[in-house]
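Comments concern the structure below.
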Amino acid sequence: LALDGGKSAIVEPARGFLEETISSELVLDTSMFPDLEGSLRYLLHYPYGCVEQTTSSLIPWITLKDYLKSIDSVAYVDEEIQDRVDAGIHRLFSMQTSDGGLGWWPGDSHSYTYGSLYAAWVLGEAKAAGYSLPEARYRLLLSFIDDLLVQPREEESRPAATVRAFALEILAREGRTVTGWIDNLYQRREEMSEEAMAHLAVAAVLSKHRLPESLLDPDSVLRLGSG
């Protein structure tokens with residue numbers, strides 16, 4: 001329930017139940033954060049563990065400290081957050097294959113291109129948030145992603161241009177010089193999906209590389225975000 005300033009509302013307890021068999025709790029806050037509590041707990045304890053699922057479950061743990069600070073909560077102590085992030089990082093690198101990419105599951109012998117890109121992006125977020133990564137293994141993963149620029153390992157759900165653009169975003173954040181590749185993809189932008197153009201736009205920003213024209217109009221960005 002959301003109320004505009006100066007407005008009031010009557011909150012009725014649940015009906016149709018036997019007396020004394022249920023209880024209600026009313027939480028008042030000036031932000032939407034308490035509303036996210038249930039969803040956050042589900043994400044934090046997501047029970048599955050392929051490369052994409054492990055990566056997705058790692059995101060809220062990486063951002064949890066800032067969230068707790070914003071709502072003045074001590075629901076999780078720093079040590080638990082650190083342990084959870086470390087465990088997620090360790091599990092992702094347990095999926096690393098001989099070519100430096102990541103497979104679907106620990107022990108896989110073949111790397112999964114999109115899963116490797118997605119995991120590398122989130123691992124970069126963890127690194128930026130101050131968490132430690134195993135340097136040698138992370139370098140191998142970045143080397144795999146660097147190779148995708150030449151051999152993008154096109155997959156059914158992600159064409160070559162999208163793989164390259166996502167790789168450029170990850171490498172640009174790591175400070176790699178990729179402006180030549182950015183210009184190359186920009187020249188073929190009309191063949192690219194909105195997802196690919198979004199990754200390319202971020203890569204250009206991270207590289208501080210000015211493009212002749214904007215890649216996405218605001219309506220396209222909104223459609224991409226709601227898709």
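These numbers come from a predicted model, not from an experiment.
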State, with a plain yes or no, whether a side-chain heavy atom of [X] is found less than 4.5 Å away from one of [Y].
X    : Y    : value
L117 : R158 : no
P60  : Y67  : no
K65  : D78  : yes
L142 : I170 : yes
W61  : I81  : yes

Considering all heavy atoms of both residues, which atom of [X] and which atom of [Y] are nearest to each other, and what is their separation?
X    : Y    : answer
L149 : A167 : CD2-CB, 4.0 Å
T113 : P152 : CG2-O, 4.0 Å
A119 : V51  : CB-CG2, 4.3 Å
G101 : L141 : CA-CD1, 4.2 Å
Q53  : C50  : OE1-N, 3.1 Å

Does the plane of the ring in H199 sit parallel, tilted or perpendicular to the ring in F166? Use 30° and 60° as the thresholds.
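H199 and F166: parallel rings.
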With rounding to the nearest 0.5 angstrom, report the [atom1] to [atom2] distance, [X] to [Y].
X    : Y    : atom1 : atom2 : value
Q151 : R164 : CD    : CZ    : 9.5 Å
I59  : T63  : CD1   : OG1   : 8.0 Å
R84  : L64  : CZ    : CG    : 10.5 Å
L206 : L171 : CG    : CG    : 11.0 Å
E191 : M197 : CD    : CE    : 11.5 Å
R189 : Q187 : CZ    : CD    : 6.5 Å

Output every pair passing side chain to side chain donor-acceptor pair (under 3.5 Å) with a member in residues 120-139, not counting sequence neighbours, ordered by first then second residue.
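Sorted result for residues 120-139: W121-E169, E125-R173, K127-E174, Y138-E174.
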Determine which pairs satisfy side chain to side chain donor-acceptor pair (under 3.5 Å) with at least one residue from residues 202-211, sequence neighbours left out, and list them in order.
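Checked against side chain to side chain donor-acceptor pair (under 3.5 Å) - neighbours excluded - the pairs reaching residues 202-211 are D183-H209.
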Among S111, S109, S116, find the one that has a side chain to side chain contact (heavy atoms under 4.5 Å, CB included) with T97.
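Testing T97 for a side chain to side chain contact (heavy atoms under 4.5 Å, CB included) against S111, S109, S116 leaves exactly one candidate, S111.
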Taking L200 as the fixed residue, which of T162, L168, V205 is the one that meets the side chain to side chain contact (heavy atoms under 4.5 Å, CB included) rule?
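The option that passes is L168.
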Is there a side chain to side chain contact (heavy atoms under 4.5 Å, CB included) between F144 and L102? Walk through the geometry before answering.
CA-CA 9 Å; F144 170 85; L102 305 182; over 6 Å; no
Between R91 and G49 (side chain of the first, backbone of the second, donor and acceptor by atom type, cut-off under 3.5 Å), is there such a pair?
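The answer is yes, because a donor-acceptor pair under 3.5 Å joins these two groups.
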Indicate yes or no for a side-chain donor-acceptor contact from E80 to the backbone of V77 under 3.5 Å, with no hydrogens or angles considered.
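Side chain of E80 to backbone of V77: no pair is present.
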Single-linkage hydrophobic cluster L140~Y118, side-chain heavy atoms < 4.5 angstrom
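In one cluster: no.
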Going only through I, L, V, M, F, W and Y residues with side-chain contacts under 4.5 Å, is there a path from V122 to V202?
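No, V122 does not connect to V202 through the hydrophobic network.
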Walk me through it: do Q82 and D86 pass the test side-chain hydrogen bond (donor to acceptor under 3.5 Å, both in side chains)?
CA-CA 6 Å; Q82 180 74 54; D86 288 345; 3.0 Å; yes
So, E52 versus Y114: side-chain donor-acceptor pair below 3.5 Å or not?
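Absent: no donor and acceptor within the cut-off.
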